[in-house]
Amino acid sequence: MIEASGTPLPWIVWVILLPLIGAMLCFLWPRQGKTLGLLTALATLLAVIALYFQLLDGGVIRYAVGGWGAPLGIALYADGLSMLMLLMSALVGVGVSLYALGYFKHSPDNPAGFWPLWLLMWTGLNGLFVAGDIFNLYVTLELLGLSAVALVALAASRDALGGAMRYLFVSLLGSLCYLIGVALLYHAYGTVDIALLGTLVERNPATHVALGLMVVAMLLKSALFPLHFWLPPAHASAPAPVSALLSALVVKASFYLLLRLWFDVFSTVSMDLGMVLGVLGAAAIVWGSVLALRQTRLKLLVAYSTVAQLGYLFLPFALLSPLAWQGGVYFVLSHALAKAAMFMAAGNILAFGGHDRIADLDRVAQRLPITMTAFCLAGVSLMGLPPSGGFIAKWLLLDAALSHDQWGWAVMMMIGGLLAAAYVFKVVGFAFTQADAPHDAQPVSPFMEWSALALAVCAILLGLNAHYPLELLAIGGPVTFVSPSP
Amino acid sequence: MNAWLPLLVLASSLVPGLIIFALKEEHTRARIALNLGGAVIKLVLVGVMVWGVFQGQTYEARLPLLPGLELALQADALALLFVVLSSVLWLVTTIYAIGYLEDSPYRSRFFGFFSLCVTSTVGVALSGNLITFLLFYELLTLSTYPLIVHRATEVARRAAKTYLVYTLAGGALLLVGVVWLYTLAGTLSFTPRGFLSGLETQHSTALSVIFVLLIAGFGVKAAILPLHGWLPKAMVAPAPVSALLHAVAVVKAGAFGIVRVVHDVYGVEFADSLNLLMPLAILAAATILYGSVRALYQDDLKRRLAYSTVSQVSYIALGTAIAGPVAAIGGIVHLVHQGLMKITLFFCAGNLAETLGIHKISEMDGVGRRMPWTMAAFTLGAFGMIGVPPLAGFISKWYLGLGALEAGQGWVIWVLVGSSLLNAAYFLPILYAAWFKAPATHWPHERSFGRQETAWMLLLPPVLTALLSLAVGLLANTTFSPLQWAVFIASLEFMP
Amino acid sequence: MSTPLLYALAGVGLCLLGLYGLIVYAHLLRKILALNIMGSGVFLILVALARRSGDSPDPVPHAMVITGIVVAVSATALALVLLVRFSAATGRNQLDDDEHSP
Amino acid sequence: MMISGIWLLLALLGPLGLALLLMTWPSLRAGLIKLAPWSALPALLMALLPVDFSTSVIPGLLLGSQIGLDDSSRYFLLLTSLVWLTAGLHARPAHARAEKPGFFILFLLAMSGNLGVVVAGDILSFYLSFALMSFAAYGLVIHSATAHALSAGRVYMTFVVLGEVMLLCALMLAASQAQSYDFETIRSAVAQSESRNLIMALTVMSLGIKIGLPGLHATLPLIYRAAPIPAAAVLAGAMINAGLLGWLRLLPAGQIALPEWSAALMGLGLFAAFYGVLVGLTQRDAKTLLAYSSISQMGILTFAVGLGLGAPQAWPTLLMIITLYAVHHGLAKAALFLGLNMTQHARDGRHWRWLALLGLALPALALAGAPFTSGMVAKALLKEQIYLAPWPVLLGWLLPLSSLATTLLVIRLFYLVRSYPGNGECQTCHWQRLSWALLVIASLVCVWFIPKNDETALLSLSTIWQSLWPVLGAMILFFITARGLARLNITIAEIPAGDLFVPVLSAVVRLARFFIQITKERLPIYQEQVSQLIARLVHCLNGHHGLASVEARTGRWPIAIILVLMLILTFILPGLLIAPSSGDG
């Protein structure tokens, strides 16, 4: 990496650098993977927190690494939105790291690969969140995608490998589409800096083609209905901590990118097309929920739930009000925490009983109370019941929809919430009863149980004081949050 | 201090609940101590609060939630009525539940959720605005689920599922209603006589729709007619839960919500001017009759009581919907009265089941001689439900009737008549069988308690609540009776 | 037709070819190759569009392409490893399209 | 609250407290149960003591209760407490058993209810006492637990509940007019009320059930026959008057003239007076017969109330007369019932039996209105007021005729009692005998002690003749008829107890079955259908193959990629179509 010239490196660089260094170290000393990984996770968390305070003090942060600006250098940029994403990743990341400590003790999956890959992925994530130009975004996106695929493949089962393969193709296809878009934009406007592009972009065919390619690429990677086909097999078959990371963070990264593109790059042309995303989002809510309800296996259920929940993220594109945007971002946060907790809980149940057939869950509620609590609390957030982050998000979205008399969206959200309740409680109900074929219980590490619970509790706490995240979001006004220009 | 007290009231059940979750099964003593300690502390705190409010203090706690929106707890008169009811009945039910679940498994979980349930109920009561109400209302839904499914049977799972389908759907409607209201009014704080009457007339259609949404949302828990289906099914739960669900927590939260919406959100006058109250009154009346008719044919004792609840809870809605001060008094006071009477009945049903294994009315022949105290309490409760003076139910019915006449809605009288007749028709045969029929040679599943008819922890609560339901009726005119509180509450709403 | 445009169109052609391959071939190796072809097409487009104004080509897209190639190589490597593992685990070399269906 | 009020309240709470103690304290039962009858004594003393028990308010009770005694209710209290005391003493040998305290618990509850009805000064405490009395009396009715008793109990309970509900309606309507609960205000409010007719109809009917108003009289014969004799005595002697008292308290007599109501009640009353006798004559059971006698006698009281409704100015006088009549009838009826008990218990020794029969004859004569008995006084006083009615002459004949009819009935009673089975001796019957004797004497002379307008007129020859001829006539008529019937070998079929009610009952049962069929069988089916519909809808949404196969298809590569391309086009096309085409595309 680039040497600092004289002054110490700012935190915004450290948040990328730390996980990268950690990844290298873990790769070099796989035996110490756990220790190194955990230390890195904690260090990264601290760096993110430090960056947070820096942001609170001085507002939006821009930094050209090594003094080289775009296009050739690496421009870093952090505002409230980035910060929220970084915090979210750090929180989930630390949680998952703790979880992984317990998970790989008993799992047949390859633990040596986990730490370097995961830290690499974290590098990609953090890089993506603070990248200031669209080409760097491409690089981080690829880093993220490839490490994610590799993580899925850790499970080494037939399903996991198939899922990983499919995921890889999708990821590459998306990246290539995105890259064409980058090429077109650069050709048309001669820059890759997001802020600059935002001021330059105008309505012309090149812009539109770029928009189409890039947006759809991100939709593909965010698994918006009907492009979600790759998500359930990949997320459901991956090792539990990986599933948690994928559902909580990786899909959010592409969503974040889409958000940046939509508002900061294409704001002059994109607004009219929001309805398409909204409709697809609504369809995703219903489709994903119904399919989740139909699943007989727990991890698939949770994976389809992700498909459904991602639908909510796209409603603000159609609702077009600042309130809706706050809701959308809040949804990202709460879903990340809740879904990570839920996948971790599902992993615990799987480890506990040796299977994840929902109907055969045998008194899990009684025998794994902490896990079940985590599952339920996460479920509460997914359903959008108060008090939880999901509730705040839903409240903001509903407020936005209803204050403009946009009924359809409100109805879709309600249906989504009810279906979510249906699939969550389908699991909870069976967790109380005794199965026909009782199974032996495998011990579940307390790390796994408590980290799941901690994240779930965070998802709930997110609903108790929504001021801070929303105030943070307002810093830098990352997304313009304005009504469409006519 | 004044801001802390409502929080402390909440914490007095929340904290013990959370600690109980962490306790091992065999820590019976600690659990009992926590439960009873929490209940007693809560009662004391509530007592302090009542005294303070009586002295003119205001208790309010606020927590910012969203820009322009905060969670608010406040102890106004209506809130206190419900809080007092909940905390008294919590103490009683806790004693009962300790006795009832003596040897059953998963007590920590049970009591943990039980405390959560009470916390949510008290939260519902103390809510100072609709969003806080919504929060605790949903919390209540969630915390009762594990209690219904507690027995972990297939039937229990299905019943709990039904419960959730109903209540969560109701919650969803409620959420839409609340958000919409917020977009129109910009505030959600409960205000006597409502905060909507200042809105422009162009919103009247929207306000009507919102009213329907809110009432439907609360109506689910209050088991108003097409939304009552969950209640009889939820009877699979253990008796203390049924008692708590039916007398205090769930149905009352719904009914309380209806009162709040009509009184403190819309304002009676405004709601009436939108022509919203008459349909509500008719719906409530229909529920009253329907519930009673269905109760007639239930041989399962708890199911009969459940349908009776369906019927009785709608009295509250009816009283609220009759747009008049006297009827409002009747409705509000029935909140307390029905609670006392119905919890008595459920305790007794639980005693029969626990001591003798009796679940069906057809097994109750002569049970009065075997368990005289239990059945005496049951008798008081049943007569109260029929509306025989001087029991609590009579006072409610009396005010409802007078209020209906005062508001020029004489038809309500006939509903009350029909309901009383039906109540008599389904309660009196039980009493007859219990007291006058020859006892069976052996009971379905008898447990011996020595010289006592049953464990004292099972016996004390129903007797206590029965006496209370007698006392609140007999001494209705004394200063601290629920009736006088209800009069005070109604005066806030109706006095110029 | 200017040369850059020709290159760009060729790049588009390669992309479409790759896409076609991705659709029609079930064999995973062919799919990987198809993606590689697509990648080449994209790089071609990038380079072709680099000639924005004047005579001297803009160096930035070249830098991008180099980065892109690095990414593509690592992606291909990953894909091949996965393929090897996959066929070792399943004895097949194509994805079963219904394997994930519920 | 005045000190006298406290005493009065204590007199009410005495039996109540005793009942509670009996319920809750098994170890004390044996002793307490002996005390039970005496708990009516305080009330009796209150009635007799020359203390002013004018209305006192108990503010905390119910919605603010009032208790007190006015001139007429003092006599009712006297009657009530005396009857309960005596009946209690009579019930003691058979029912005062510590292991089965049920009878006396309910007895005491009903007693305190009945006393409460008398002293209640407002509608709510009246209603409370009335309900307590009515519900507790159920236990007395079905005490024997025979099939007859149980079915009578069912009928009784049905009527009680109906009555309670109607009364509640009437009270609510009245109270909403009056804005107050004390009787005086209520009466004037009812008089002024728009819904006066409804209130009055409800009052007349609800309390008419207790009184045995024709059409609603079915319970009386059934329950008197079913109840043990002491219970029947209190039912017939004391509790029946609760209904009457309610009428006096609630109907707006003395406020305004209500000719229609007056006529209706008078008509009903006269009809009852004769109808009761006619049906009663056919009875073979002494208690049933006495029940019909009660219906007949209450008919006369109904008539008197009707008279008062038509003539507000005469109401104070009439009220006193009605009180007299009620007291006389109550005491006589109770004495007759308990007399049945005495004849049963009389030792084999003949003179005891004769003494008992003689004792029985005295109240019977009083009932018939024989000269110098209280019956004569009551009837004569009533007849004095007959001029208020529309057809005074006709009515002037009908009243003595009713005495004649009553006489026929009591002769028939003796006829039945002659063959009444004895049930052995009674060792501890001193209190019974003493109290009965007191009751008999009271029934004969009580009325004389009640202050009246002019006493001398009552002792005039014409009055005595007026009272004598119906009695004599009836005796002659009875013997002629009886002999004639015997000679002709005609037996008159017994009209089943409850007479008209029997077919009505079956109709009601049929109606109820229909109701049950609708509500029990159809209602759940409808509900089931609705839920099935919902289930089917859900099932459709949740279709078997549709969803899964669509989901699987979106996962196939060709389709997936085509979807991607389509989406890209969706985003590009609108832009291309709208945007101005430029050269460097």
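Since the model is a prediction, treat every value here as computed from it, not as a measurement. What's counted below: heavy atoms across the whole structure, side chains too, no hydrogens, waters or symmetry copies. Naming convention: chains lettered A, B, ... in sequence-line order (proteins, then strands); numbering from 1 in each chain.
For the options A:Gln366, A:Met414, A:Lys426, A:Glu471, heavy-atom pairs under 4.5 Å to chain B are most numerous at A:Gln366. Residue with the most contacts toward chain B among A:Ala431, A:Ala422, A:Gly463, A:Ser403: A:Ser403 (heavy-atom pairs, distance under 4.5 Å).
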> Passes side-chain contact (heavy atoms from CB on, under 4.5 Å), A:His467 versus B:Leu66? Steps please.
Replying inline: CA-CA 6 Å; A:His467 264 301; B:Leu66 277 171; over 6 Å; no
> Please walk me through it: do B:Val178 and A:Trp395 pass side-chain contact (heavy atoms from CB on, under 4.5 Å)?
Replying inline: CA-CA 9 Å; B:Val178 171; A:Trp395 175 278; 3.5 Å; yes
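A cation-pi contact, defined as under 6.0 Å to the ring centre and within 45° of the axis, is absent between B:Arg157 and A:Phe432.
Side-chain atoms of A:Leu398 and B:Trp180, non-hydrogen and from C-beta on, never get closer than 4.5 Å to each other. Looking only at side-chain heavy atoms (C-beta outward), B:Tyr182 and A:Leu402 stay at 4.5 Å or farther from each other. Between A:Phe391 and B:Ile131 there is a side-chain heavy-atom pair separated by less than 4.5 Å. When side chains are defined from C-beta on, A:Leu464 counts as touching B:Leu71, because their heavy atoms get closer than 4.5 Å.
Distance check: B:Leu69 CG to A:Ile392 CD1 gives 8.0 Å after rounding to the nearest 0.5 Å. Rounding to the nearest 0.5 Å gives a distance of 7.0 Å between OG1 of A:Thr373 and CZ of B:Phe21.
Contact between B:Leu139 and A:Pro386 at its shortest, heavy atoms only, is CD1-O, 4.3 Å. Across all their heavy atoms, A:Thr433 and B:Thr153 have their closest contact at CG2-O, 3.6 Å. Heavy-atom minimum distance, A:Ala421 versus B:Leu168: CB-CD1, 3.2 Å.
For chain A, the nearby part of B:Leu142 is the side chain; its heavy atoms alone come within less than 4.5 Å. For chain B, the nearby parts of A:Phe430 are the backbone and the side chain; heavy atoms of each come within less than 4.5 Å. Only the side chain of B:Leu63 comes within less than 4.5 Å of a heavy atom of chain A; its backbone N, CA, C and O stay farther away. Heavy atoms closer than 4.5 Å to chain A are found nowhere in B:Pro105, neither backbone nor side chain. Proximity to chain A (any heavy atom under 4.5 Å) is shown, for B:Leu65, by both the backbone and the side chain. A:Ile370 does not touch chain B: none of its heavy atoms, backbone or side chain, sits under 4.5 Å away. In this structure, chain A has heavy atoms under 4.5 Å from both the backbone and the side chain of B:Ala169.
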